[in-house]
Amino acid sequence: PQIDCEARLPLCKARCCTFTFALSAQDLDEGAVRWEYSRPYQIRRRKEDGYCVHNRAGTCQCMIYSQRPSICRTYDCREDKRVWVDFENRIPAP
């Protein structure tokens, strides 16, 4: 999807990077993504705040953006009420 994520990060705080999801076989084969050893094939998360380990604390930017998981490449937050009350008017969910 064509979403200017960088411009919206100060508002949404990369809330999508707190979601739990399974990695695809392609993600594993590419070898860039870290996963949970206790829950094989789920994205690894930081214990202190629940964000994906690839999310840079403070800036919310993805440290593996060009090799991010396939679900991240195709995710569309515009209608996701966990992220936005109103996407067009830039009102994040509480």
First locate atom CZ of F87, then atom CG of D80, and finally report the distance between them rounded to the nearest 0.5 Å. 11.5 Å
Of V53, D27, I43, L28, which is the lone residue that meets side-chain contact (heavy atoms from CB on, under 4.5 Å) with W35? L28
Spell out, as yes or no, whether a donor-acceptor pair under 3.5 Å connects the side chain of R15 to the backbone of P92. no
Quick one: pull up CZ in R82 and SG in C12 and give me the separation to the nearest 0.5 Å. 12.5 Å
Pairwise distance CG(N55) to CD(Q61) - rounded to 0.5 angstrom: 9.0 Å
If you round to the nearest 0.5 Å, how far is OH of Y41 from CG of L23? 10.0 Å
Do we get R90 above W84's six-membered ring, with its NZ or CZ under 6.0 Å from the centre and within 45° of the axis? no
By the definition side-chain contact (heavy atoms from CB on, under 4.5 Å), identify the one residue from C16, C72, C52 that meets it with F21. C72
Taking the basic N atoms (NZ, or NE/NH1/NH2) and the acidic carboxylate oxygens, is any pair closer than 4.0 Å for R73 and E30? yes
I need the R78 CZ to Q2 CD distance, nearest 0.5 Å. 8.5 Å
Hey, could you give me the NE2/CZ distance between H54 and R46, rounded to the nearest 0.5 Å? 11.0 Å
Min side-chain heavy-atom separation Q42-T20 under 4.5 Å: yes
